[in-house]
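As structure tokens, the structure follows; a few thoughts come after it.
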Amino acid sequence: MALMFGSQGLMGAQSPPETATIRFLQRPPQFAWVEQAIANLDEVLLDHSHCERKAAGVALNLMFRYPAHGPMLKALTAIAQEELEHFEQVNQILAARGVKLRALQPAPYGAGLKAEIRRQEPERLLDSLLVAALIEARSHERLGLLAEHCGDPSLGKFYRVLMASEARHYGAYWVLASQDFPREVVNQRLEALAVVESRLLETLHFAPRMHS
Ligand SMILES: [Fe+2]
Ligand SMILES: [Fe+2]
């Protein structure tokens, strides 16, 4: 499957150019995932809440790790703020549905991608940005599927708004990587990480999660 991030679905000045197209070389089990997610929407919403909090944490962690990187800090501040807004919005929906916040066992996806981040700089920075970009791209795709199939117009509208944000975040992380590393290095590494990302989704996780 190919996830295309051209002019479509992306907003704002940080939209990546056509060259940022991501090609996921292996197709994850989308239909099985949609079926599982729609049948367990409350649990998926709860996992979504955790995802938004973790996304804010990713941006904040990078801010702590690279405190002297001025241009990056500005973009990360905006992402962290937006993710926390999403976190609050998802929590309001959970409250309205009578679902209490609780810990959830994560799917292996996040840890699997984190394991791909090389430990030495500057590779660590590049990989961290690209792993964050891929997670945002996949969130964009999954939110789109939920918007289309959830069967609830107001929830669908909410998913569509968030879907656009996550595409922008993908673009922002890609731009940050491209500012510090040559374009061909970024794209080559992105392709390699995208293969791993798709493999991590090949087998549907037993528990319904946003990224499983
Ligand atoms: Fe978000
Ligand atoms: Fe995001």
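Note that the structure is predicted; figures quoted are calculated from it, not measured. Only this structure's heavy atoms are used, side chains among them; waters, hydrogens and symmetry mates stay out. First listed ligand is number 1; within each ligand, the first listed atom is number 1.
Because the distance cut-off is set at 2.8 Å, Glu136 fails to qualify as a neighbour of the Fe ion (ligand 1), as none of its N, O or S atoms comes that close. Look at Glu52 and the Fe ion (ligand 1): an N/O/S atom of the residue is under 2.8 Å from the metal.
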- Message: I'd like to know whether Asp180 forms a side-chain contact (heavy atoms from CB on, under 4.5 Å) with Tyr66, so could you lay out the CA-CA distance, the side-chain angles of the two residues, the decisive distance to 0.1 Å, and finally the verdict.
- Response: CA-CA 13 Å; Asp180 281 8; Tyr66 306 101; over 6 Å; no
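For Glu83, the N, O or S atom with the smallest separation from the Fe ion (ligand 1) is OE1. Of all the N, O or S atoms in Glu166, the one closest to the Fe ion (ligand 1) is OE2. Atom ND1 is the N/O/S atom of His86 found closest to the Fe ion (ligand 1). The closest approach of His169 to the Fe ion (ligand 2), by N/O/S atoms, is made by ND1.
With Ser128 as the fixed residue, the side chain to side chain donor-acceptor pair (under 3.5 Å) test singles out one of Arg118, Arg65, Lys114, Glu123: Arg65. Put simply, the residue from Leu46, Asp47, Asn40, Val44 that forms a side chain to side chain contact (heavy atoms under 4.5 Å, CB included) with Arg209 is Asp47.
At least one donor-acceptor pair under 3.5 Å links the side chain of Gln36 to the backbone N or O of His205.
Ring pair Tyr109/His211 is parallel by interplanar angle, where below 30° counts as parallel and above 60° as perpendicular.
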